[in-house]
Amino acid sequence: MNNKVKFLQQNAPCYLYEEDSIKEHCHDLLNAMPGMDFLYSAKTNPFMPVLKTVAEQGFGADTASANEVLIAQKAGIPYDKIYYSAPGKTLQDLEKVWGKCTIIADSLSELARLEQCAAVKNERIAVGVRVNPNFSMNGESAVSSKFGIDEDQLKTANLCFPHLKIIGIHVHLRSQILDADILCGYYRNCYMLAERINELNGVEIQFINFGSGIGTVYDRETEKPLALERVGQTLQTLRAKNHNGLQAKFILETGRFVVCNAGTYYTRIVDRKISCGKTYLVVQNAMNGFLRPAIAELLRQNVGEFPKNGQEPLYTTGSQSAFRIVGRNENCETVDIVGNLCTALDVMAKNITLPHAEIGDILAVSNAGSYGCTLTPLLFSNQETPKEFLWTKENE
Ligand SMILES: *Cc1c(COP(=O)(O)O)cnc(C)c1O
């Protein structure tokens with residue numbers, strides 16, 4: 001028996017994140033898009049050893065809460081590579097992160113709050129603004145959003161503050177784009193947006209944060225990987241334009257691309273039963289271990305099929321995870337995989353074909369590295385919670 005199987009038998013239910021795979025994904029991005037500054041979106045998977053691995057590849061952090069700023073700091077990321085962007089930051093949030101990151105203001109009232117804080121401290125600080133631009137991801141017109149400040153509102157607002165200088169913009173409209181044309185068009189629109197915002201009094205653009213959008217393949221049968229080289233070429237063209245223009249730092253954010261398929265969720269089959277001819281495998285910690293498959297089944301149950309449109313970050317696509325029984329590949333049967341919670345919604349997969357499994361076997365669920373552990377209601381029903389591990393060469 002190899003070390004991993006032994007490890008899983010001791011530690012399931014658990015998440016295992018493969019260090020090699022995380023590093024490889026980081027380098028895929030760095031190689032395809034030279035000259036870009038990458039931020040890892042901590043909310044995707046804030047497990048400290050994962051965060052440290054990504055930070056060691058030179059990535060900064062995109063943080064979505066005051067605590068995430070502190071977590072990024074703890075992972076060794078310097079303050080000038082930590083950006084904090086979220087709606088609804090409180091005064092306490094701002095106090096907690098002061099001097100530890102670049103704050104991206106999400107509203108006009110937040111800009112006023114920041115001015116007030118800086119005035120009290122008698123400091124002049126550089127901030128960014130999150131913009132809800134006059135275009136959507138597909139290049140169509142603006143849509144209303146809880147995120148950022150409408151481009152038109154920025155144009156008429158007073159952006160001259162005695163204690164703030166606005167030095168950058170942040171845009172993030174959608175996740176999980178696999179079509180390079182769409183992403184490239186979006187990046188071009190963002191650059192032009194930065195040029196327009198730079199014309200405003202009180203603004204001097206030094207960075208453009210293009211947000212994420214970089215998609216990863218969940219289902220190898222139906223999805224094609226994003227053509228990173230093509231995206232890289234477009235960014236190269238924009239960088240050339242920028243060289244003679246704004247001379248701004250280009251920032252890209254990424255979460256799932258780096259960690260999604262580097263992570264697998266493993267849980268234990270604790271019972272097998274048949275009801276009205278249907279075979280059930282009962283596992284530990286299904287929806288209270290890895291929520292996303294249960295959401296997919298819930299949607300299918302209500303819509304009749306897996307919806308085409310993602311509901312990020314809870315649901316991406318119907319076949320977003322593949323299931324395996326560790327060490328078994330014969331005598332296939334059709335089963336429902338359900339959890340041990342006292343609710344009928346605790347389902348991981350219905351009517352799927354798997355090799356025959358016995359009580360004690362380990363079920364593997366793929367694509368669990370992003371929006372997995374922290375997005376799951378781990379406390380529900382007072383079960384033991386799954387552990388998380390970074391799987392490195394030393395473990396082999
Ligand atoms: C969640 C989030 C991301 C990460 O998105 P991925 O699709 O996982 O890369 C990036 N930027 C912002 C602002 C986000 O909210």
Side-chain angles (χ1 to χ4, degrees), residues 21-41 44 54 57-62 81 83 85 128 130-131 133-142 151 167-198 205-220 222-262 310 312 316-317 370:
S21 170
I22 294 172
K23 286 185 183 169
E24 195 181 312
H25 293 136
C26 290
H27 289 279
D28 286 348
L29 294 174
L30 293 166
N31 294 336
M33 306 170 200
M36 305 298 291
D37 284 40
F38 282 95
L39 306 180
Y40 172 66
S41 299
T44 316
V54 180
Q57 315 313 310
F59 283 43
D62 155 38
K81 285 165 77 174
Y83 292 76
S85 185
R130 180 149 174 184
V131 185
N134 277 346
F135 55 85
S136 66
M137 181 57 89
N138 299 331
E140 284 150 23
S141 52
E151 184 180 341
I167 63 155
I169 60 163
H170 177 209
V171 185
H172 171 75
L173 298 182
R174 227 170 77 195
S175 279
Q176 186 56 13
I177 308 289
L178 292 173
D179 182 334
D181 287 334
I182 291 181
L183 204 55
C184 292
Y186 165 75
Y187 288 157
R188 281 191 287 265
N189 283 334
C190 285
Y191 186 79
M192 289 189 284
L193 169 71
E195 289 180 325
R196 294 195 291 276
I197 301 295
N198 190 53
I205 295 291
Q206 292 171 23
F207 72 79
I208 306 171
N209 182 342
F210 296 84
S212 182
I214 300 170
T216 189
V217 168
Y218 285 79
D219 180 359
R220 285 191 201 138
T222 60
E223 294 169 330
K224 284 213 185 69
L226 175 66
L228 291 181
E229 331 69 58
R230 287 198 34 222
V231 177
Q233 282 158 10
T234 293
L235 289 168
Q236 204 59 36
T237 308
L238 288 175
R239 269 178 12 102
K241 197 169 170 190
N242 177 60
H243 184 75
N244 303 314
L246 291 174
Q247 301 187 340
K249 186 191 324 196
F250 278 17
I251 300 171
L252 291 183
E253 297 173 333
T254 176
R256 70 187 66 210
F257 183 87
V258 170
V259 289
C260 177
N261 64 26
E312 297 295 347
T316 304
T317 169
S370 56

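Both backbone and side-chain heavy atoms feed into the values below; hydrogens, waters and symmetry mates do not.
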Taking all heavy atoms of [X] and all of [Y], pick out the closest pair and write down the distance.
X: L226; Y: G215; value: CD2-N, 4.1 Å
X: G139; Y: N189; value: CA-ND2, 4.2 Å
X: L246; Y: Y191; value: N-OH, 3.5 Å
X: L228; Y: A32; value: CB-CB, 3.7 Å
X: S212; Y: T254; value: OG-CA, 4.0 Å

* Check against salt bridge (Lys or Arg N to Asp or Glu O under 4.0 Å), D181 and R230 -> CA-CA 8 Å; D181 287 334; R230 287 198 34 222; 2.3 Å; yes
Using a 3.5 Å distance criterion without hydrogens, assess whether the side chain of [X] forms a donor-acceptor pair with backbone atoms of [Y].
X: E253; Y: Y40; value: no
X: E223; Y: Y218; value: yes
X: E140; Y: S136; value: no
X: N198; Y: I205; value: yes

* To do: Could you walk me through whether F210 and Y187 pass ring-ring contact (aromatic ring centres under 6.0 Å, His included), step by step?
  => CA-CA 7 Å; F210 296 84; Y187 288 157; 5.4 Å; yes
Once rounded to the nearest 0.5 Å, what's the spacing between atom [atom1] of [X] and atom [atom2] of [Y]?
X: Y83; Y: I251; atom1: OH; atom2: CD1; value: 3.5 Å
X: I208; Y: K249; atom1: CD1; atom2: NZ; value: 12.0 Å
X: L238; Y: R188; atom1: CG; atom2: CZ; value: 7.0 Å
X: F250; Y: M33; atom1: CZ; atom2: CE; value: 13.0 Å

* Evaluate the ring planes of F135 and Y186, with Trp represented by its six-membered ring, and classify them as parallel (under 30°), tilted (30 to 60°) or perpendicular (over 60°). => perpendicular
* To do: Report yes if the distance between the aromatic ring centroids of F59 and F38 is under 6.0 Å, otherwise no.
  => yes
* Go through the steps to decide whether M137 and I177 satisfy the test side-chain contact (heavy atoms from CB on, under 4.5 Å), and finish with yes or no. => CA-CA 9 Å; M137 181 57 89; I177 308 289; 3.8 Å; yes
* Structure fact -> Sorted by chain and number, sequence neighbours left out, salt bridge (Lys or Arg N to Asp or Glu O under 4.0 Å) with R256 holds for E312
